[in-house]
J.: 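One structure, as structure tokens, below. Some questions next.
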Amino acid sequence: MASNHPIKSRFTNLKVSNSLPNLSAEPSNLSPNCNPSFDLKTSLSAAVKVSRASRSSVDLCNGGGGVSGPKIVRGDHGYVLEDVPHLLDYIPDLPSYPNPLQDNPAYSVVKQYFVNVDDTVAQKIVVHKSSPRGTHFRRSGPRQKVYFESDEVHACIVTCGGLCPGLNTVIREIVCGLYHMYGVTKVLGIQGGYKGFYARNTIDLTPKSVNDIHKRGGTILGSSRGGHDTAKIVDSIEDRGINQVYIIGGDGTQKGASVIYEEIERRGLKVAVAGIPKTIDNDIAVIDKSFGFDTAVEEAQRAINAAHVEAESVENGIGVVKLMGRYSGFIAMHATLASRDVDCCLIPESPFYLEGPGGLFEYMEKRLKEQGHMVLVVAEGAGQDLIAESLRSMNQEDASGNKLLLDVGLWLSQKIKDHFAKRSRMPITLKYIDPTYMIRAVPSNASDNVYCTLLAHSAIHGAMAGYTGFTIGSVNGRHAYIPFHRITEKQNKVVITDRMWARLLSSTNQPSFLNSQTIEDSKKEEPPTQLLDGENYNENGSLDARESQLI
Ligand SMILES: Nc1ncnc2c1ncn2[C@@H]1O[C@H](COP(=O)(O)OP(=O)(O)O)[C@@H](O)[C@H]1O
Ligand SMILES: O=P(O)(O)OC[C@H]1O[C@](O)(COP(=O)(O)O)[C@@H](O)[C@@H]1O
Ligand SMILES: [Mg+2]
């Protein structure tokens, strides 16, 4: 099999390039602040080899994630590495092999292709001189040593949850990356989400079969909600001899991936589990941005533009556009900021009200008088409390346990029509546009395609290097391996006391609808990823004013 593989046979005929760095000879990347007596490299390998229950020179903390708990390594000056599991943690005698990439002509010219073993990525990059160094994640990328031989790898890919632009690109790049970088030829596609592991046939994925799929929306593998049966899924992985599992999906999917990893570890299987985070809502914590988000914002603007054209063309024209965002209004906020045609943006994080002084209707009347038309963008999760007051909430859930939302777009459009019907001197024409599924179904744009490629490659490098139980993500522009629990413990939300929301308010001139209670509640919420773990609080425990300006 291996000898038939064109890349592999090409590799074996090549000499090892001398220009490749000897990793062990690489200088440490630790900051000069770090205590020189603390050798992170040694400590990290100890962390990997020693059981996570043991504690020695480094403080390895247990509890709350994975069978053996999170791998936390503490250094000096408040340095914390939230590490990801490695196959060596529970299979200590696993052999390693030289990375076949060292013989790959495409990469041999790269000066320092392999990442340093002690490279980590800081979660917080806005600092001041007394800041603790804070949380770090293991930097992603190719390692000199791998724990799988190319012939041995039997990978599978599954896509779960709602659609998102870029799914096919990630699938393509996992298949092509495994083949071209590591000479892996056996990649299975699991059809129809998690339940496909035990209820559907699989398909063989080859560079040829996935060649054009990045130009299509959706996922060639299909997707689903619900149907996560850990035991059946891991049985299927074991029965099929799969040893690398690539799981593409949102927060729910990553929770599912986490329990799959735990079960695999419990059974002691040599199977690497890698998550690639997907969500059009951009609500996954820690990472800078999820793939497909840029595409969604771009596509959302077409709908906003159409609403604006319609509204402008008639007297007192109102365009209402509903965008996705179940619990977070990132698409609505970014599309509004990008478009500049929007007069009001409503998101789940910012409660609003319709009637009375400072309410939506008062603002709409003012706006119509001023400019004769207006555009309103509403995220699907906005105003759910208000709707529930007027319609009886059904509290229904989808197959994955996500709350089914009431249609805020239709509800709001009707409320606006009812309100202006009572104002005989201000007849309006309202056009409601709901482009949500059209936005999700488009292929990813150029920048998302590049991002998807990097995510796929980082996931492959991690799995080949024996890391497991991780989600790949961009943290402050650097790709890192993030433990599952950090991705799933909370959702990313628009912070309405942050400068970004202030920018939006000043660009639309809409009322903030904020009362002092809402502002206080919002301050209690954890600040965005730049400021964590109380680092922005002074000795008295209150928010440092200088720090809050930095967000
Ligand atoms: N807490 C959980 N534990 C295990 N599996 C889960 C969990 N939450 C969701 N899943 C599974 O993950 C898949 C996708 O979840 P869903 O919430 O629909 O989409 P997304 O991953 O995009 O958030 C579903 O198959 C669902 O059964
Ligand atoms: O109607 P569907 O397919 O269940 O999806 C609706 C939901 O999917 C999303 O696009 C994304 O949700 P997920 O990230 O959980 O898949 C939400 O914005 C929306 O509420
Ligand atoms: Mg979700």
Side-chain angles (χ1 to χ4, degrees), residues 65-66 158-167 170 190-200 217-219 221-234 236 245 247-264 273 275-285 287 289-293 295-297 299-300 322-335 347-348 378-382 384 396-409 434-442 471 484-485 487-494:
V158 64
T159 51
C160 311
L163 294 183
C164 175
L167 284 165
V170 178
I190 306 293
Q191 293 188 290
Y194 277 133
K195 59 181 76 145
F197 273 104
Y198 55 87
R200 297 277 295 271
T219 156
L221 298 177
S223 187
S224 65
R225 298 197 190 271
H228 186 283
D229 185 323
T230 315
K232 282 191 191 171
I233 291 169
V234 180
S236 159
V245 185
I247 301 177
I248 312 169
D251 55 342
T253 306
Q254 303 301 318
K255 284 178 194 154
S258 180
V259 284
I260 290 172
Y261 153 68
E262 284 172 21
E263 178 61 14
I264 283 171
V273 180
I276 297 105
K278 166 246 55 159
T279 165
I280 201 167
D281 294 351
N282 200 31
D283 58 0
I284 294 187
I287 63 173
K289 186 172 63 174
S290 44
F291 72 80
F293 178 69
T295 308
V297 170
E299 202 59 24
K322 184 178 83 168
L323 296 175
M324 277 187 165
R326 197 187 266 141
Y327 305 111
S328 64
F330 286 104
I331 299 179
M333 177 170 79
H334 283 254
I347 60 169
V378 58
E380 62 175 333
Q384 290 296 312
Q396 285 179 340
E397 290 181 347
D398 70 14
S400 295
N402 300 304
K403 193 178 166 203
L404 283 177
L405 301 177
L406 301 160
D407 191 329
V408 65
D434 179 353
T436 52
Y437 291 107
M438 296 181 72
I439 290 173
R440 265 193 353 185
V442 299
T471 298
F484 282 135
H485 69 96
I487 291 284
T488 55
E489 66 196 1
K490 63 171 192 275
Q491 277 176 321
N492 200 18
K493 293 196 181 225
V494 172

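Count residues from 1 along the sequence. Both counts, for ligands and for their atoms, begin at 1 and track the order of listing. Please read all numbers here as calculations on a predicted model, not as lab measurements.
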J.: Taking only residues two or more places apart in sequence, or in another chain, which ones meet Thr295 in a side chain to side chain contact (heavy atoms under 4.5 Å, CB included)?
T.: Pro165, Val442, Ser444, Asn445, Asp448
J.: Which of the numbered atoms in ligand 1 are under 4.0 angstrom from any heavy atom belonging to Asn402?
T.: 16 (P), 17 (O), 18 (O)
J.: Using a 4.0 Å cutoff against the non-hydrogen atoms of Lys278, which atoms of ligand 2 qualify?
T.: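 In order of number, 13 (P), 14 (O), 16 (O).
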J.: Just go through Cys160, Gly252, Gly256 and tell me whose heavy atom is the nearest to atom 11 (C) of ligand 1.
T.: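 Checking each option, the heavy atom nearest atom 11 (C) of ligand 1 is found in Gly252.
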J.: Provide, to 0.1 Å, the distance between atom 10 (O) of ligand 2 and the closest protein heavy atom, together with that atom's residue and name.
T.: Met324 SD, 3.0 Å
J.: Between the main-chain N or O of Asn402 and the side-chain N or O of Ser400, is there a donor-acceptor pair closer than 3.5 Å?
T.: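 Answer holds: no.
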J.: Polar-atom distance check: Asp251 versus ligand 1, any N or O pair below 3.5 Å?
T.: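 Yes: some nitrogen or oxygen of Asp251 is under 3.5 Å from one in ligand 1.
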J.: Report, in ascending order of atom number, the atoms of ligand 1 lying under 4.0 Å from any heavy atom of Gly250.
T.: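 So the answer, numbered in order with elements, is 20 (P), 21 (O), 22 (O), 23 (O).
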J.: Suppose we screen for ring pair (Phe, Tyr, Trp, His ring centres under 6.0 Å). Which residues come up paired with Tyr194, at least two apart in sequence or across chains?
T.: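 If we apply the ring pair (Phe, Tyr, Trp, His ring centres under 6.0 Å) test to Tyr194, skipping adjacent residues, the hits are His228.
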J.: If we only count heavy atoms from C-beta on, is the Asp251 to Tyr327 side-chain gap below 4.5 Å?
T.: no
J.: Which protein non-hydrogen atom lies closest to atom 1 (O) of ligand 2, naming both residue and atom, and how far is it?
T.: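 Of the protein heavy atoms, Tyr437 OH, 2.4 Å lies nearest.
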J.: Just distances here: any N/O of Asn402 and N/O of ligand 2 closer than 3.5 Å?
T.: no
J.: Do ligand 2 and Asp398 have nitrogen or oxygen atoms that lie under 3.5 Å from each other?
T.: no
J.: Could you find the nearest protein heavy atom to atom 9 (C) of ligand 2 and give me its residue, atom name and distance?
T.: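 Going atom by atom, the protein heavy atom closest to atom 9 (C) of ligand 2 ends up being Arg440 NH1, 3.6 Å.
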J.: Does Thr279 come within less than 4.0 Å of ligand 1, judged by its heavy atoms?
T.: no
J.: Starting from atom 2 (P) of ligand 2, which protein heavy atom do you reach first, and at what distance in Å?
T.: Arg225 NH2, 3.6 Å
J.: Thr436: what forms a side chain to side chain contact (heavy atoms under 4.5 Å, CB included) with it, not counting sequence neighbours?
T.: Lys322, Met324, Asp434
J.: Run the numbers for me: atoms of ligand 2, each under 4.0 Å from some heavy atom of Gly325, listed by number.
T.: 18 (O)
J.: On a heavy-atom basis, I'd like to know which of Ser400, Ala399, Ser224 is closest to atom 16 (P) of ligand 1.
T.: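 Result: the heavy atom closest to atom 16 (P) of ligand 1 is in Ser400.
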J.: Please state which protein non-hydrogen atom is closest to atom 20 (O) of ligand 2 and give its distance, to 0.1 Å?
T.: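 The closest one turns out to be Glu380 OE2, 2.7 Å.
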J.: Any N or O of Tyr194 that comes nearer than 3.5 Å to an N or O of ligand 1?
T.: no
J.: I need the nearest protein heavy-atom contact for atom 7 (C) of ligand 2: residue, atom name and distance, please.
T.: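 Its nearest protein heavy-atom neighbour is Arg326 NH2, 3.2 Å.
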J.: Under 3.5 Å, is there a donor-acceptor pair between the Thr471 and Gln254 side chains?
T.: yes
J.: Select the closest option to atom 25 (O) of ligand 1 among Gly227, Gly226, Gly401, judged by heavy-atom distance.
T.: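 Looking at heavy atoms only, Gly226 sits closest to atom 25 (O) of ligand 1.
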J.: Does Gly252 have a non-hydrogen atom less than 4.0 Å from ligand 2?
T.: no
J.: By residue and atom, what protein N/O/S atoms are less than 2.8 Å from the Mg ion (ligand 3)?
T.: Asp251 OD1
J.: Answer yes or no: does an N/O atom from Lys278 fall short of 3.5 Å to an N/O atom of ligand 1?
T.: yes
J.: Could you check atom 14 (O) of ligand 2 against the protein and tell me its nearest heavy-atom contact, residue, atom and distance included?
T.: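 Heavy-atom neighbour on the protein nearest atom 14 (O) of ligand 2: Thr279 OG1, 3.5 Å.
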J.: If I apply the N/O under 3.5 Å rule, does Gly162 come out as touching ligand 2?
T.: yes
J.: Are any of the N or O atoms of Asp281 closer than 3.5 Å to those of ligand 2?
T.: yes
J.: Tell me whether Gln191 contacts the main-chain N or O of Leu221 through its side chain, where contact means a donor paired with an acceptor under 3.5 Å.
T.: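 No: the side chain of Gln191 does not pair with the backbone of Leu221.
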J.: Closer than 4.0 Å to some heavy atom of His228 - which atoms of ligand 1 meet that?
T.: 4 (C), 5 (N), 27 (O)
J.: Tell me which protein heavy atom sits closest to atom 1 (N) of ligand 1, plus the residue, atom name and distance to 0.1 Å.
T.: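 Looking at atom 1 (N) of ligand 1, the protein heavy atom closest to it is Lys255 CD, 3.5 Å.
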